[in-house]
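Report on the following structure.
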There are 2 protein chains.
Amino acid sequence: MNTTPNLTKNQSLVLDVLTRSEAPLSAYTILDKLRDSGFRAPLQVYRALDKLIEMGIAHRLESLNSFVACAHANESCCGHAHGHGHHGTVAFAICESCGQVNEFHDHAIDDRLAGWAKERKFKPSKTTIEIRGLCEACMH
Amino acid sequence: MNTTPNLTKNQSLVLDVLTRSEAPLSAYTILDKLRDSGFRAPLQVYRALDKLIEMGIAHRLESLNSFVACAHANESCCGHAHGHGHHGTVAFAICESCGQVNEFHDHAIDDRLAGWAKERKFKPSKTTIEIRGLCEACMH
DNA sequence: GTTCGTTGTGTTATGCTATAACGTGTGGCA
DNA sequence: TGCCACACGTTATAGCATAACACAACGAAC
């Protein structure tokens, strides 16, 4: 069981499923994996996911309509730890062959996007960066 | 009518709708706008969109499940024009209040992502960058 | 010009993704 | 005790996307 404090039962169950998975999972796949634990409806999954994402310990992959556990949940690399290793914008490299996801973040990109936003007086709330392609293992 | 050459009738109709719209449109919204032109089924829209995106004259916004006409269809700023002003990865700033979308691209970010990919021998096929937030006009 | 492959089209049916709306239960706190 | 905030459970519905099949239009090759 994942022992992150202050998680409700449903949130823990969903996070566990995500943490154990090699690849991102859709909400409905999560639901299926949790039927034995008493889950019956999509909303139970979506509500847990919303909270996990809000806490920064799970992420949504927009280009896949799927979800992953945060790979950096215990780091706080950017100087301002918000309880769960909050860092700047996170980027994902997603292999379209094996489905594996690599999470990373990059100050230079953050700065660049922040600069663009500042120039235009645009106030960012959430930024999505996803690279789809082939990982080394899947290339010929 | 949009006069981009080599578009089929359906593709032109869809592109026209996108071009005239201030904000991104979902496939079903496009469908509704084209009922009078004979469209009856989602697939007619999706097929046209697929081609337009492939040609680089429309984009999909992953975080909205919606589509926009390319704002730079006639530019070729990065030195290699692929017929339709093909440039590097495109980024979008999306106002969550008014819905307006600002399309831009940034060499530094491109380079940075390319560098990351090269280091890991990851071969990118498509990159998504979307900033959601509030535009200047919508801030208080 | 006929044959054939490719591409676009039209249609029905279906599957996947996400949320609305309502009600219940529980724990903190004045 | 009464209230409030929040998690949870359930049903129904809305919104997004594609499978599978059939037909038409076009160009290239012969």
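Note on naming: letters A, B, ... go to the chains in the order of the sequence lines (proteins, then strands), and numbering restarts at 1 for each one. What's counted below: heavy atoms across the whole structure, side chains too, no hydrogens, waters or symmetry copies.
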Quick test: give all pairs of protein nitrogen or oxygen and nucleotides 5-8 of chain C nitrogen or oxygen below 3.5 Å, distance rounded to 0.1 Å.
{"residue": "C:dG8", "atom": "OP2", "partner": "B:K51", "partner atom": "NZ", "Å": "3.3"}

Open item on the list: To the nearest 0.5 Å, what is the distance between CG on B:N10 and CG on B:L15?
Closed with: 12.5 Å
TODO: Report yes or no: do B:S125 and A:E96 form a side-chain donor-acceptor pair below 3.5 Å?
DONE: yes
- [ ] Using distance alone, with no hydrogens and no angle criterion, decide if B:E130 and B:S63 have a side-chain donor and acceptor under 3.5 Å apart.
- [x]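 The answer is yes; a qualifying pair exists.
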Task: Aromatic plane relationship, A:Y46 with A:Y28 - under 30° parallel, 30 to 60° tilted, over 60° perpendicular - done: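 A:Y28 and A:Y46: perpendicular rings.
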Find the distance [X]:[atom1] to [N]:[atom2] and express it as a whole number of Å.
X	N	atom1	atom2	result
B:E62	D:dA17	CD	C1'	13 Å
B:F67	D:dG15	CZ	P	16 Å
B:L25	D:dG15	CG	P	15 Å
A:L49	D:dC8	CG	P	12 Å
A:Q44	C:dT17	CD	P	18 Å
A:Y46	D:dG15	OH	C1'	11 Å
A:D50	D:dC6	CG	P	14 Å
B:L61	D:dC16	CG	C1'	15 Å

Task: DNA chain D contacts among residues 30-43 of chain B, heavy-atom distance under 4.0 Å - done: B:L43
Open item on the list: Quick check on D:dT10: is either OP1 or OP2 less than 4.0 Å from any side-chain nitrogen or oxygen of A:R47?
Closed with: no
Task: Short side-chain N/O contact from A:N65 to OP1 or OP2 of D:dC16, under 4.0 Å - done: no
- [ ] Taking atom CZ of B:R40 as the centre, report whether more than 12 heavy atoms of other residues, nucleotides or ligands fall under 6.0 Å from it.
- [x] no
- [ ] Determine yes or no for a side-chain-to-main-chain donor-acceptor pair under 3.5 angstrom, with A:S21 supplying the side chain and A:P24 the backbone.
- [x]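 Side chain of A:S21 to backbone of A:P24: no pair is present.
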Task: Side chain B:E103, main chain B:A71, donor-acceptor under 3.5 Å - done: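 Yes, B:E103 side chain to B:A71 backbone: donor-acceptor pair under 3.5 Å.
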- [ ] Report the residue from B:I30, B:V17, B:V45, B:D32 that forms a side-chain contact (heavy atoms from CB on, under 4.5 Å) with B:F39.
- [x]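 Single side-chain contact (heavy atoms from CB on, under 4.5 Å) partner of B:F39 among B:I30, B:V17, B:V45, B:D32: B:V45.
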Open item on the list: Any N or O donor-acceptor pair under 3.5 Å from the base of C:dA18 to the side chain of A:Y28?
Closed with: yes
Task: Check: B:H59 ring centroid to B:F92 ring centroid under 6.0 Å - done: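 Yes, the ring of B:H59 comes within the 6.0 Å limit of the ring of B:F92, centre to centre.
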